[in-house]
Protein chains: 2
Amino acid sequence: MSSKRDTYRATSKHTAILNAATEVFLKSGYLGANMDDIAKSSGVSKQTVYAHFQSKKDLFVEVVGRITDDASSMVHDSAQASDRDDDIAEYLLSYAIRQLTVVLTPRIMQLRRLVIGEVGRFPELAKVLYERGPQRTMKALAGVFERFSKKGRLNVGNSIVAASAFNWLVMADPLNRAMLLGDNAIPDADELRRHAAEGVRIFLAAYGRS
Amino acid sequence: MSSKRDTYRATSKHTAILNAATEVFLKSGYLGANMDDIAKSSGVSKQTVYAHFQSKKDLFVEVVGRITDDASSMVHDSAQASDRDDDIAEYLLSYAIRQLTVVLTPRIMQLRRLVIGEVGRFPELAKVLYERGPQRTMKALAGVFERFSKKGRLNVGNSIVAASAFNWLVMADPLNRAMLLGDNAIPDADELRRHAAEGVRIFLAAYGRS
DNA sequence: ACAAAGTACTGGACTGTATAGTTTATTTCA
DNA sequence: TGAAATAAACTATACAGTCCAGTACTTTGT
């Protein structure tokens, strides 16, 4: 806790450790990872690792927290051009494709697997991943839908319900396939686009106004 | 391999070991589980465990395979009353509720977490889980949809695409919540019914014929 | 029926290895 | 000179898998 900068402990080593630990944990899981490996692969002595992080658990929590944050902002940074009066179908399609493209990467898939496998040991991490992942996405979408709805361009009762429907219409199938079948099951850009388009079509059939 | 019944090795102990191992693996994960615990909790000596199963890996594979099979048949055994000329909405709703009720149990959720966490070490198990889970469901649904479609009561292009859409409209949100937020996030029967109804509504808006 | 022979099982000690975290003596560098 | 870092040895524990000596059960031949 408190501050890692109590004295002049090198920032570069701190991040070197975090980076190495990230790779090791992603590859081997929490129990499978080993602190000697992490130290060696950070180019740092084991003692230094323990100078920067109190324990394996602490290190793991920081690692997962950091990737989760990074991934979350990657998803939500680009584009928020919500209010444009363009074709709604167009808007939803590009939203869907961006979402799919960002989330369906080996790294984020592996993070999900890791966190899900450790729900028992680290329930907090999974909760945070849910909040910064699906939940954050759905809240953002719900806001957009409400605005569209007020302009009479969408017919949405409960905007959160609609957002969840849209989100999972788009994400669920490829996400679940990739989770269980591995990175080879990640669809290519073409398939992604077709899948996203069908999701948009279904959504607009249920919530559209025209 | 070959046969466990080469001689008169007791079936009761075999299943006692499997049952105990199931609990231990579900609770602690693959690496977290420990063969002494499994032996003790089977009421059997460690030597006997190794007489019935060659190694921890073998035992794990059998355990996961067995729960997967059980779960899969639980989902697919009850009801296949497809061709009845009832209300389609009614049919879909009951299908959805049954599916949700069977899958959203702590045991099956924990199995999914376990298998997902071990995709790296045991990719085959995850593949089998996918095939006997979502894939099997979607194939069955696709068959039903095609029949409805031929009778002109549904307007489905690619039946697999439609089946996937329906399946995930119904399953994705509660499944993902429960995966990450734990068993407390499993919705009660009322919530389940409302969620299923909205899924059916969306699906019929896109694929219905009326 | 009965005994001999083989098979299953037990309990516990044992081997070998892995690994989280600590300690110590030494070196680097500001 | 003094904090930060290093390397390497060390502690303590955990655990997969094996070995062994002895007990109990099942089968088979008579």
Side-chain angles (χ1 to χ4, degrees), chain A residues 1-64 114 117-118 120-122, chain B residues 1-64 114 117-118 120-122:
Chain A
M1 295 316 110
S2 66
S3 89
K4 252 77 201 178
R5 207 75 322 87
D6 284 326
T7 52
Y8 61 90
R9 189 154 272 138
T11 302
S12 69
K13 307 221 166 181
H14 192 84
T15 64
I17 296 166
L18 274 174
N19 290 336
T22 300
E23 298 316 311
V24 174
F25 279 129
L26 282 180
K27 196 210 271 183
S28 312
Y30 175 68
L31 287 177
N34 136 348
M35 296 296 275
D36 288 289
D37 279 2
I38 292 174
K40 182 151 294 179
S41 137
S42 314
V44 138
S45 79
K46 199 158 96 165
Q47 202 38 239
T48 303
V49 173
Y50 280 96
H52 285 263
F53 303 94
Q54 293 206 335
S55 68
K56 191 184 184 182
K57 280 192 182 190
D58 284 17
L59 180 54
F60 183 70
V61 169
E62 289 231 18
V63 161
V64 172
L114 181 57
E118 296 296 343
R121 223 179 311 265
F122 301 96
Chain B
M1 290 309 116
S2 70
S3 89
K4 252 76 201 182
R5 206 73 327 83
D6 285 326
T7 55
Y8 61 89
R9 190 154 269 134
T11 301
S12 68
K13 307 222 162 179
H14 193 82
T15 62
I17 295 166
L18 274 175
N19 290 337
T22 299
E23 298 316 311
V24 175
F25 280 129
L26 282 180
K27 196 210 270 181
S28 312
Y30 175 68
L31 288 177
N34 138 344
M35 295 296 275
D36 289 287
D37 278 1
I38 291 173
K40 182 151 293 178
S41 138
S42 313
V44 139
S45 78
K46 200 160 115 172
Q47 203 40 241
T48 302
V49 173
Y50 279 97
H52 284 262
F53 303 93
Q54 294 206 335
S55 67
K56 191 183 184 183
K57 279 191 183 191
D58 284 18
L59 180 53
F60 183 70
V61 169
E62 288 229 19
V63 160
V64 172
L114 182 58
E118 296 297 340
R121 222 180 310 265
F122 301 95

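Below, read A as the first sequence line, B as the second, and so on, with proteins coming before strands; counting in each chain starts at 1.
Counting to the nearest Å, the C1' atom of D/dT6 and the CD1 atom of A/Ile17 are 13 Å from each other. In this structure, A/Lys40 places its NZ atom 13 Å from P of D/dT6, rounding to the nearest Å. Rounded to an integer number of Å, the gap from B/Lys13 NZ to C/dT7 P is 18 Å.
Across every non-hydrogen atom of A/Thr48 and A/Ile17, the tightest pair is O-CD1, 4.1 Å. Of all heavy-atom pairs between A/Tyr50 and A/Ser55, the closest is CE2-CA, 4.1 Å. The two atoms that bring A/Lys56 and A/Tyr30 nearest to each other are NZ-O, 2.9 Å, heavy atoms only.
Distance OG1/B/Thr15 to NE2/B/His52: 9.5 Å, rounded to 0.5 Å. How far NZ of B/Lys13 is from OG of B/Ser45: 8.0 Å, rounded to the nearest 0.5 Å.
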- Task: At under 4.0 Å between heavy atoms, which parts of nucleotides 12-19 of chain D does protein reach? Answer with one letter per nucleotide, 5' to 3': B base, S sugar-phosphate only, - none.
- Result: ---SBBBB
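Side-chain N/O atoms of B/Thr48 include none lying less than 4.0 angstrom from OP1 or OP2 on C/dC9. OP1 or OP2 of D/dA4 has not a single side-chain nitrogen or oxygen of A/His52 nearer than 4.0 Å.
Using a 4.5 Å heavy-atom cutoff, the side chains of A/Glu118 and A/Val64 are not in contact.
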